[in-house]
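Structure first, then comments.
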Amino acid sequence: MILFVLSLIGYVAFVDTSLILNNYEVQESLGCKEIESKSAVLQLRRHLFCEYIESIRPVSDHRTTTNIEFGIIPKFINVKDEENVMELHCWTIFMWEDGHLTWEPSRFNDVNFFHVKSNELWTPDIMIHNSESYDNEIPFTNCWVSSAGKVKCVVTTRYMVKCLRDYTWWPYDVQNCTIQIGSWSHSEEELNFVLINTGIIMNEFQKNLAWEILQFNVTTHTESFKFAIDLTSPMIFFHFILQRRFNATHAIYLSSVIILIIMTLTTLWLNPKSTERMILANINFICHLLFLEELYWEIHGSGASTMLMKFFVKSLALACFTLIITSILRHLLELTTETPTWIATRTSTIVKSKIGRILLVSILDPKASAELETEAEDNANLVSTKKNEASWKHVVMLISWINFLCILFIYIILISIYFPIRSSGHSYNFNT
């Protein structure tokens with residue numbers, strides 16, 4: 001009985017296997033392109049992809065070059081300030097002709113196009129050659145295939161690249177960002193890039209609140225000796241020049257420049273003997289140090305070539321000089337010895353002049369100024385030519401005025417050279 005049951009099971013298994021093999025042989029004899037279906041699109045897909053191999057470039061002659069039409073539609077940018085990295089979010093468009101994907105629409109119920117996943121097609125191995133992230137390949141997407149074999153793919157991409165930073169005119173600093181795109185393994189004889197319009201379509205771009213695009217440009221280039229072998233590969237370079245937008249934080253730094261200049265000049269204006277001048281000179285010096293340190297960290301420790309940083313350094317030197325000269329002048333006012341002959345002679349000559357009477361006597365001694373106005377014809381009593389009457393007070397006030405005018409002149413020069421303005425960054429060149 002047991003043997004009979006086992007024999008029956010074996011016979012049934014043999015019959016099922018025979019039926020499966022027979023059906024497979026029938027389908028094999030018919031061919032996959034002849035399988036009937038109620039859907040014209042399904043018939044078309046089976047017809048096209050029956051013997052399609054996505055790793056083979058779709059040309060009948062391997063010496064034929066495949067033209068890749070390429071372009072991007074930027075949506076918005078994001079700049080990682082600390083890392084000098086630009087993220088460009090965009091739509092990437094690339095099109096080509098696939099000679100293996102052509103058909104007669106009349107044979108497939110007038111189907112003129114259909115959609116297919118890009119990983120089911122041959123696609124050019126386009127990659128970002130200078131990406132700052134690991135995902136440097138163009139991601140998978142849905143592609144559109146026409147009856148003439150035209151393939152069009154539009155994919156949402158994020159390009160992350162390192163930028164060449166120029167802090168010279170901070171806070172109007174610029175970044176030169178270049179996206180290098182090309183085939184990874186195909187040579188120039190196999191692939192050729194053709195730009196769509198100019199390569200960049202800015203119709204959909206959304207402005208960034210922190211950065212603006214000053215210039216953009218697209219160039220093509222052939223990279224020679226790729227992978228250390230004699231292989232030339234086509235490349236596309238998307239160049240972007242970005243400039244930082246001015247905001248309230250930057251206004252504080254630029255306003256501090258004016259404030260520190262006023263503090264330095266006010267220190268020199270005050271009476272050298274006054275306590276207020278010494279206090280203000282010390283506060284001015286400390287404020288310079290604090291602003292200099294804050295600016296250094298604001299630009300992430302890379303401000304050696306910043307014009308505003310250079311201005312603060314030179315202004316710090318002037319503030320230090322003001323503090324030192326204030327201490328020296330206070331010491332001179334306390335001297336009881338007579339002034340040296342060569343100092344007294346030159347000081348008396350200046351004090352006797354009209355400019356000296358206006359700049360020195362009127363500030364030095366208000367009572368003497370009143371007498372000078374009433375006795376304009378006889379003012380020799382106020383300023384004597386004798387050495388022992390040219391006091392240290394006259395010398396100190398003369399030095400103070402010379403310092404004030406010289407430092408004022410120096411600040412005018414420094415502002416004209418180092419003070420950043422918005423037009424400073426506009427001269428940036430793609431070749432720099």
Side-chain angles (χ1 to χ4, degrees), residues 70-93 126-133 136 156-182 193 195-223 234-251 253-254 295 298-310 417-432:
F70 195 90
I72 62 174
I73 304 177
K75 303 295 290 183
F76 64 92
I77 60 172
N78 180 33
V79 178
K80 296 183 178 180
D81 215 3
E82 299 81 4
E83 304 173 14
N84 290 350
V85 172
M86 180 194 72
E87 291 183 358
L88 177 64
H89 297 256
C90 64
W91 293 345
T92 300
I93 306 172
I126 298 174
M127 303 183 70
I128 312 169
H129 284 226
N130 63 332
S131 176
E132 282 293 305
S133 63
N136 56 352
T156 301
T157 49
R158 181 187 65 169
Y159 299 130
M160 293 182 60
V161 295
K162 198 81 172 180
C163 299
L164 177 62
R165 189 67 168 272
D166 186 359
Y167 284 100
T168 303
W169 295 106
W170 189 93
Y172 302 109
D173 51 315
V174 295
Q175 291 201 27
N176 183 5
C177 307
T178 300
I179 302 172
Q180 302 176 11
I181 296 178
F193 285 109
L195 297 177
I196 301 175
N197 294 333
T198 59
I200 301 179
I201 304 172
M202 299 294 293
N203 298 338
E204 302 289 335
F205 184 73
Q206 302 174 10
K207 293 184 178 179
N208 186 281
L209 296 178
W211 294 85
E212 65 174 321
I213 299 178
L214 289 182
Q215 305 173 40
F216 59 88
N217 189 23
V218 183
T219 59
T220 56
H221 173 69
T222 301
E223 183 176 336
M235 300 282 294
I236 302 178
F237 291 79
F238 294 92
H239 306 277
F240 293 90
I241 301 298
L242 309 179
Q243 186 178 61
R244 189 190 302 273
R245 293 183 184 273
F246 190 79
N247 56 36
T249 303
H250 307 143
Y253 285 97
L254 297 185
L295 178 61
E298 176 66 22
I299 53 183
H300 314 295
S302 303
S305 61
T306 304
M307 287 296 183
L308 194 60
M309 180 71 73
K310 292 180 179 179
I417 295 175
Y418 296 108
F419 197 81
I421 56 177
R422 185 167 182 79
S423 60
S424 303
H426 288 187
S427 60
Y428 203 88
N429 196 314
F430 285 112
N431 297 323
T432 58

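The figures that follow rest on heavy atoms only: side chains count, while hydrogens, waters and symmetry mates do not.
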(message) How close do Leu308 and Pro420 get, counting heavy atoms only, and between which atoms?
(response) CD1-CD, 4.0 Å

(message) Whether the side chain of Asn130 engages the backbone of Thr178 through a donor-acceptor N/O pair (distance < 3.5 Å, no angle test) should be reported.
(response) yes

(message) I'd like to know if the side chain of Arg165 and the backbone of Asp173 have a donor-acceptor N/O pair within less than 3.5 Å.
(response) no

(request) Using a strict 4.0 Å threshold on nitrogen-to-oxygen distance, state whether Lys207 and Glu212 make a salt bridge. (result) no

(request) Taking all non-hydrogen atoms of both residues into account, name the closest pair between Cys90 and Tyr159 and its distance. (result) SG-CE1, 3.4 Å

(request) Please name the pair of heavy atoms, one in Ile77 and one in Ile213, separated by the smallest distance, quoted to 0.1 Å. (result) CD1-CG1, 4.3 Å

(request) Under the salt bridge (Lys or Arg N to Asp or Glu O under 4.0 Å) rule, collect the residues that match up with Glu204, sequence neighbours excluded. (result) Lys75

(request) Supply the atom-to-atom distance Ile73 CD1 to Thr157 OG1, rounded to the nearest 0.5 angstrom. (result) 10.0 Å

(request) Show the numbers, then the answer: is there a side chain to side chain contact (heavy atoms under 4.5 Å, CB included) between Phe419 and Leu254? (result) CA-CA 8 Å; Phe419 197 81; Leu254 297 185; 4.1 Å; yes

(request) Could you list the residues that satisfy ring-ring contact (aromatic ring centres under 6.0 Å, His included) with Phe76, not counting sequence neighbours? (result) His89

(message) Contact between Met86 and Trp211 at the side-chain level, heavy atoms closer than 4.5 Å - yes or no?
(response) no

(request) Hey, can you tell me if Phe246 and Tyr172 have their rings parallel, tilted or perpendicular (30° and 60° cut-offs)? (result) parallel

(message) On a heavy-atom basis, which atom in Cys163 and which in Val85 lie closest, and how many Å separate them?
(response) SG-C, 4.5 Å

